[in-house]
Colleague: 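Below you'll find the structure I mean.
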There are 2 protein chains.
Amino acid sequence: MASSTVENYVKTLYFIEQGRPGALVAMGELASSMQVAPGTATAMVKTLSDSGLVEYERRGGCRLTQNGRTLALAIVRRHRLIEQFLVKTLGLDWSEVHEEAEQLEHVISDKVLDRIDQLLGYPDVDPHGDPIPTAEGRVSAVPMESLQDVAPGQETVIARVTDQKPAFLQYLDAQGLVPGARITMQRIDTPADSVTVLVAENSITLGGSAVRKILVERRADKMP
Amino acid sequence: MASSTVENYVKTLYFIEQGRPGALVAMGELASSMQVAPGTATAMVKTLSDSGLVEYERRGGCRLTQNGRTLALAIVRRHRLIEQFLVKTLGLDWSEVHEEAEQLEHVISDKVLDRIDQLLGYPDVDPHGDPIPTAEGRVSAVPMESLQDVAPGQETVIARVTDQKPAFLQYLDAQGLVPGARITMQRIDTPADSVTVLVAENSITLGGSAVRKILVERRADKMP
DNA sequence: ACGGTGTTGTTGACTACTCAAAGTTAAAAG
DNA sequence: CTTTTAACTTTGAGTAGTCAACAACACCGT
């Protein structure tokens, strides 16, 4: 059984590798993601390599093996199912479930997870719109685009928010900017790096860093 | 924050102390309950003592302090609420929830626990009939007696089963001998150390060690 | 080709928990 | 009152994970 620490390293590697398949992850990058000293990351990656979870190239970096990726997907599945469960069944706020799930994901058994999955009706996204991998490790790839790429005047639906920080999520929640919300792009102010959207009769202006964390549904007619 | 290990030692001490208030718990007894070497228990009790959770008398034994007892009750509360939740909400079998809860009890936050409590309608017993301490650490003391003390011909209701072993619980479940079940004492065979009870039209004979683990409701007219 | 710069690897040390084995002590048995 | 015994404590060592600090290295620009 992989320890919580091992699971966290593997999960972190999985997210770093996202979007740059095959590339090596530098020890420094891993260390800063894990908030540990560089030497700690090196030592840990060696043991991950011994367990066959990563390939390690001395002074090059590391990448997940197939086994490592499978483990990572299992943890991500746990995490997101737990988040969905905490929101839907226990009524917690979407801004606080990430931290809770961070703990629970290492402890919940497969049996309990299956029951949760069933109780929720086999959801395919979590409260932030992140896709829940299947038990077999498949992740659905729904086409999305960043809110910043929506043309002014266009109406769209929020699909996903790629930030787990409670303060940010609480803010979005208060403005009604949650997955499923129907919004209209009003204005894009490039020099000011801000956009203004209309949600439920209210105009809201967001800075670029916030806008880039909001993904919206991609309309069929815009697909490549 | 107390580690899982610390929590397990404190919980174990709490159960050992049950029914002999004030008495010292010997290191050997603690060690065998925790399935560790005697020296390990000694070492751990010293650190518990440093944290103010137990009083330790060298070559005498130890006992929980008020802080230790409070922590123990919080863990027992967690454990039993989680068991009830796993059975009632997720539909797990009562024979398998003990092990699950054993893991989860160290990780569930107070917030999640409160939601579970609320969802279950503030239950006062777990699936085995064990009382769930309140958040303030109060344990309800419902009067019960052992099934072995019920007179032949008398009808009663199973209230509690004081054994968490899956095999035993599965057996009881299959016979319908679960908390809430209405049973009638048929025969007590003292030389054979067995009793025969009637449950839902079926006669079932149980050995003494099994019978002693089954507690039944004590009728008002038998109360002291 | 060469040296500076920043990243990486190694070393020694620390915490928390564990064991085996040897040493100590209290108390029962003679 | 002494011996034996059983329980207890101490000691030395090991694992997992961590850090700080130093050493080794690769690469970039000159």
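Each chain gets a letter, A, B and so on, in the order the sequences are listed, and its residues count up from 1. Given the structure is predicted, the values throughout are model-derived calculations rather than measurements.
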Colleague: According to side chain to side chain donor-acceptor pair (under 3.5 Å), who are the partners of B/K88, at least two apart in sequence or on a separate chain?
Modeller: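 For B/K88, no residue satisfies side chain to side chain donor-acceptor pair (under 3.5 Å) once neighbours in sequence are set aside.
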
Colleague: Check side chain to side chain donor-acceptor pair (under 3.5 Å) between B/R80 and all other residues, then give those that pass, not counting sequence neighbours.
Modeller: none

Colleague: Quick one, which residues of residues 2-9 of chain A touch DNA chain D with a heavy atom under 4.0 Å?
Modeller: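 Contacts with DNA chain D under 4.0 Å: A/S3, A/T5, A/Y9.
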
Colleague: Could you work out, with side chain to side chain donor-acceptor pair (under 3.5 Å) as the rule, every residue matching A/K213, not counting sequence neighbours?
Modeller: A/D163

Colleague: May I have the list of side-chain donor-acceptor pairs in residues 15-26 of chain A shorter than 3.5 Å, sequence neighbours left out?
Modeller:
residue : atom : partner : partner atom : Å
A/E17   : OE1  : A/R69   : NH2          : 3.0
A/E17   : OE2  : A/L64   : N            : 2.7
A/R20   : NH1  : A/E29   : OE2          : 3.2
A/R20   : NH2  : A/E29   : OE1          : 3.1

Colleague: Strictly distance-based, threshold 3.5 Å: is any side-chain N or O of B/R115 a donor or acceptor partner for the main-chain N or O of A/G91?
Modeller: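 Yes, because the side chain of B/R115 sits within donor-acceptor range (under 3.5 Å) of the backbone of A/G91.
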
Colleague: For the pair made of CD in B/E57 and P in D/dC8, what is the distance, rounded to whole Å?
Modeller: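 One finds 13 Å between P of D/dC8 and CD of B/E57, rounded.
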
Colleague: Check side chain to side chain donor-acceptor pair (under 3.5 Å) between A/D93 and all other residues, then give those that pass, not counting sequence neighbours.
Modeller: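 Side chain to side chain donor-acceptor pair (under 3.5 Å) list for A/D93, sorted by chain: A/S95.
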
Colleague: Keeping to residues at least two apart or across chains, list the side-chain hydrogen bond (donor to acceptor under 3.5 Å, both in side chains) pairs with something in residues 35-60 of chain B.
Modeller: B/E55-B/R63

Colleague: Would you say A/T65's side chain and A/G52's backbone share a donor-acceptor pair under 3.5 angstrom?
Modeller: yes

Colleague: Quick check for you: name the first and last nucleotides of DNA chain C, 5' to 3', having an atom under 4.0 Å from a heavy atom of chain B.
Modeller: C/dC17 to C/dT25

Colleague: Pick one: which of B/E7, B/K11, B/R78 meets side chain to side chain donor-acceptor pair (under 3.5 Å) with B/H106?
Modeller: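 Of the listed options, the one satisfying the test is B/E7.
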
Colleague: What donor-acceptor contacts under 3.5 angstrom involve side-chain atoms of residues 121-143 of chain A, with partners at least two apart or in another chain?
Modeller:
residue : atom : partner : partner atom : Å
A/D126  : OD1  : A/H128  : N            : 2.8
A/D126  : OD1  : A/G129  : N            : 3.1
A/D126  : OD1  : A/D130  : N            : 3.0
A/H128  : ND1  : A/E83   : OE1          : 3.1
A/H128  : ND1  : A/Q164  : OE1          : 3.3
A/H128  : NE2  : A/W94   : O            : 3.2
A/H128  : NE2  : A/Q164  : OE1          : 3.2
A/D130  : OD1  : A/R160  : NE           : 2.6
A/D130  : OD1  : A/R160  : NH2          : 3.3
A/D130  : OD2  : A/Q164  : NE2          : 3.3
A/T134  : OG1  : A/E136  : N            : 3.2
A/T134  : OG1  : A/E136  : OE1          : 3.4
A/T134  : OG1  : A/G137  : N            : 3.3
A/T134  : OG1  : A/R138  : N            : 3.0

Colleague: What's the separation between atom CG in A/L147 and atom CZ in A/R212, rounded to the nearest 0.5 Å?
Modeller: 11.0 Å

Colleague: Just to be sure I understand the geometry, which residues of residues 20-37 of chain B put a non-hydrogen atom under 4.0 Å away from DNA chain C?
Modeller: B/Q35, B/V36, B/A37

Colleague: Apply ring-ring contact (aromatic ring centres under 6.0 Å, His included) to A/H98 and list each qualifying residue two or more places apart in sequence or on a separate chain.
Modeller: A/H79

Colleague: Please confirm whether the shortest side-chain N or O distance from B/R58 to OP1 or OP2 of D/dT10 is below 4.0 Å.
Modeller: yes

Colleague: Could you check which residues of residues 39-54 of chain B get a heavy atom under 4.0 Å from DNA chain C? Sort them by number, please.
Modeller: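 Those residues are B/T40, B/M44.
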
Colleague: Between OG of A/S33 and CG of A/L13, what distance do you get to the nearest 0.5 Å?
Modeller: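 One gets 8.5 Å once the value is rounded to the nearest 0.5 Å.
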
